Student: 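Can you keep this structure in mind? I'll have questions shortly.
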Number of protein chains: 2
Amino acid sequence: MKKITIKDVAARAGVSVSAVSHVLNGYSDMSATTVEKVQTAAKDLGYVANSAARQLSSKKSKTIALILNEINVARGVAMPLEIISGVIDYLDKTDYEFVFYATNTEKQAHKTLRQFCDEHNISGVIIQGLRVTDPYYHELEHFTLPTVAIDMNIRNKRIGTVSIDNETAAFEVTERLQASGYHQILFVNGGRKAAVSHERESGYRKSVTKPSVIFADFREQVAFDLIFALFSAEKKPIYDAIFAASDLMAIGCLKALKKLDLASQIAVVGFDDITLTSYFTPTITTVHQDVKTIAESAAKDVIEHIEKGIIKHTIVGYEIVVRESAAI
Amino acid sequence: MKKITIKDVAARAGVSVSAVSHVLNGYSDMSATTVEKVQTAAKDLGYVANSAARQLSSKKSKTIALILNEINVARGVAMPLEIISGVIDYLDKTDYEFVFYATNTEKQAHKTLRQFCDEHNISGVIIQGLRVTDPYYHELEHFTLPTVAIDMNIRNKRIGTVSIDNETAAFEVTERLQASGYHQILFVNGGRKAAVSHERESGYRKSVTKPSVIFADFREQVAFDLIFALFSAEKKPIYDAIFAASDLMAIGCLKALKKLDLASQIAVVGFDDITLTSYFTPTITTVHQDVKTIAESAAKDVIEHIEKGIIKHTIVGYEIVVRESAAI
DNA sequence: CTGAAAGCGCTTACAG
DNA sequence: CTGAAAGCGCTTACAG
């Protein structure tokens with residue numbers, strides 16, 4: 001089964017290769033008969049242009065790279081998948097191609113972002129999951145290709161961003177906890193390598209007078225251990241509520257509290273609204289962010305950057321979802 | 001920031017373009033000094049070969065396409081993500097490129113698999129999630145490119161396959177239920193469009209004498225409704241156990257049973273071992289399949305097909321994980 | 001409105 | 001061991 005090329009189409013239509021190219025790329029100055037002949041020939045043959053050849057010959061490629069860092073750190077967190085499908089769904093409506101690239105710290109050391117983009121003729125990138133210590137994070141500070149970063153803050157005016165307003169969301173959660181009578185709120189943060197952690201903590205700090213922050217590395221088990229140790233200590237902690245920077249850590253906290261039979265006394269709030277939150281017992285009060293919308297906005301924004309040079313900083317709405325773990 | 005090409009490397013190294021190409025592609029018949037010069041020049045310039053050009057000029061491309069159908073049907077099911085990272089992890093150790101393509105019934109109607117592969121110079125494909133009614137499913141019956149299908153049965157000797165032994169696993173679960181004293185087992189199947197459902201049901205049927213099968217379309221809510229209706233009917237059903245063909249449906253069943261306060265009396269077993277199973281109350285007894293291993297095997301097998309012409313039908317091990325919902 | 005021709009950045013026989 | 005040249009399948013000025 002030989003691949004069929006533009007020459008085959010030209011031969012069957014009885015026109016030149018350039019005529020075929022013109023027609024298929026929608027140039028308007030073609031006679032109706034030529035258009036007709038080319039289109040039926042292409043259809044009969046099931047012709048599809050070879051993308052490598054098209055990229056090579058054409059100056060401007062039309063491909064957006066979605067670059068996700070460390071996609072499989074935590075089981076049960078489907079965020080990468082939602083980003084992927086959000087971006088794909090948006091790009092499907094355009095004539096941009098989608099390319100997916102999963103990276104990690106090691107790969108970043110082998111090949112720069114720039115190199116990757118040159119290699120694959122990338123015209124725009126959407127990137128997520130970088131920690132401030134990652135090589136690409138630094139590279140982005142001087143990066144010139146149209147780029148949109150999800151959930152990240154880059155010191156580079158030319159990088160677009162999309163995320164919810166993490167600080168305000170965290171502030172609002174903390175305020176509502178206090179309005180509901182909780183005044184000793186422990187903040188369980190992940191770590192400060194992720195921009196979002198920093199912002200969430202900052203929102204919390206803006207609301208309370210005497211902040212207490214501990215770090216659980218975004219891991220359920222670490223959160224469990226920390227909370228279990230804290231609440232089983234001889235000197236009981238004063239906290240009446242826990243606000244965790246991620247749902248998985250909130251689950252860790254709740255498991256510890258359940259084991260100590262304290263789950264009904266301490267309010268727990270998570271962040272992200274992963275699927276688990278509504279299946280866990282108790283169901284978990286959390287901040288819902290619509291990842292699909294975030295991803296689609298990112299796709300929309302890179303294309304706008306590419307085509308119109310507009311750099312956007314998009315804030316997507318969030319929603320506090322009240323469930324059993326905290327009535328706020 | 002101009003892209004740097006092979007010419008730039010040649011110029012800087014003071015050799016011809018072909019010499020650069022030879023060195024960078026590891027041809028052995030180059031003088032040590034040339035190799036040296038080329039390598040430092042390439043390194044200094046941060047040169048990476050343009051993949052489009054490479055693909056065009058070279059006969060054989062080295063890219064594997066992972067094609068996933070309907071990736072975002074069910075929240076909480078991270079299987080597509082595990083397949084993606086399994087395939088990527090394996091390919092990273094080879095010199096094959098990874099290309100990801102998410103499809104659905106509509107896209108399949110617009111562009112054939114063959115067209116997609118020609119367009120992108122694909123040398124091998126890994127495919128998952130097709131239903132027997134999908135256009136690509138039919139196309140695969142006469143497909144000639146090296147292909148490995150995950151969890152699918154294609155009537156085409158040339159298509160490799162990877163999956164667990166679904167029939168045996170289902171048989172074993174049913175046997176163990178009976179050995180544990182459950183003799184009225186209801187099988188909640190998804191639908192027969194997926195090969196796995198068919199096999200799982202068949203394993204169940206091999207074990208029981210009087211099979212009872214209902215269909216819940218792989219959906220939690222449908223399973224819930226069905227079970228709730230069944231067990232709240234005037235005439236109580238005789239079932240003492242439910243075996244669902246997917247964990248999500250098992251959860252739907254358990255939610256219905258919990259609502260009717262029957263969860264402790266009826267054993268429930270799921271299938272797949274998604275993350276939710278260990279967080280739900282009760283935790284769910286299920287058949288664990290190691291998706292990562294399945295994905296890696298698929299990658300390994302396509303490459304073996306491409307390079308040695310060997311077509312494999314790989315069976316990956318499964319494990320019955322006993323949790324609270326059924327002590328078997 | 002249409003075609004011949006150059007060129008995109010590589011790889012690969014082929015000479016030497 | 002090394003280089004000149006053809007060619008991969010397209011697109012895009014450029015003539016006409």
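In this text the structure is predicted, and so the values were computed from the model without any measurement. Below, read A as the first sequence line, B as the second, and so on, with proteins coming before strands; counting in each chain starts at 1. Every heavy atom of this structure was used, including side-chain atoms; hydrogens, water molecules and symmetry mates were not.
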Student: Do you see a donor-acceptor pair shorter than 3.5 Å between the side chains of Asp134(A) and Thr105(A)?
Tutor: yes
Student: Go ahead and name the base partner of dT2(D); Watson-Crick or wobble counts if both distances stay under 3.5 Å, otherwise write none.
Tutor: dA15(C)
Student: Is Ser58(B) reaching over with its side chain to a backbone N or O of Gln55(B), donor-acceptor style, under 3.5 angstrom?
Tutor: no
Student: Pull out every residue in residues 46-55 of chain B that has a heavy atom closer than 4.0 Å to any atom of DNA chain D, ordered by number, or say none.
Tutor: none
Student: Within the sub-3.5 Å range, which N or O atoms of nucleotides 12-16 of chain D have a protein N or O partner, and how far apart are they?
Tutor:
{"unit_1": "dT12(D)", "atom_1": "OP1", "unit_2": "Lys60(A)", "atom_2": "NZ", "d": "3.0"}
{"unit_1": "dT12(D)", "atom_1": "OP2", "unit_2": "Tyr27(A)", "atom_2": "OH", "d": "2.9"}

Student: What pair of heavy atoms forms the shortest contact from Ala295(A) to Gly86(A), and how long is it?
Tutor: CB-CA, 3.8 Å
Student: Would you mind reading off the distance between Asn121(B) atom CG and dC10(D) atom C1', rounded to a whole angstrom?
Tutor: 12 Å
Student: Could you state the atom-to-atom distance from CD1 of Ile6(A) to C1' of dT11(D) in whole Å?
Tutor: 8 Å
Student: When the distance from CG of Leu56(B) to C1' of dC8(C) is rounded to whole Å, what number comes out?
Tutor: 9 Å
Student: In whole Å, what is the span from the CD atom of Glu36(A) to the C1' atom of dC1(C)?
Tutor: 17 Å
Student: Thr63(B) and Tyr96(B): which non-hydrogen atoms are nearest, and at how many Å?
Tutor: N-CD2, 4.2 Å
Student: Is there a donor-acceptor pair under 3.5 Å between the side chain of Glu296(B) and the backbone N or O of Asp89(B)?
Tutor: no
Student: Check the orientation of Phe100(A) and Phe98(A). Use parallel for under 30°, tilted for 30 to 60°, and perpendicular for over 60°.
Tutor: parallel
Student: Do the side chains of Arg12(A) and Asp8(A) get close enough for a salt bridge, i.e. N-O under 4.0 angstrom?
Tutor: no
Student: Shortest non-hydrogen contact from Asp151(A) to Ser163(A)?
Tutor: OD1-CB, 3.2 Å
Student: Looking at dA4(C), I'd like to know if its phosphate oxygens (OP1 or OP2) sit under 4.0 Å from a side-chain N or O belonging to Ser16(A).
Tutor: no
Student: With nearest nucleotides of DNA chain D determined for Ile4(A) and Ala19(B) from heavy-atom distances, which residue corresponds to the more 5′ nucleotide?
Tutor: Ala19(B)
Student: Taking for each residue the nucleotide of DNA chain D with the nearest heavy atom, is it Leu24(A) or Val15(B) whose nucleotide lies nearer the 5' end?
Tutor: Val15(B)
Student: Taking NZ from Lys62(B) and P from dT11(C), how many angstroms apart are they, rounded to a whole number?
Tutor: 13 Å
Student: If you compare all heavy atoms of Val148(B) against all heavy atoms of Val302(B), which two are closest, and at what distance to 0.1 Å?
Tutor: CG2-N, 3.6 Å
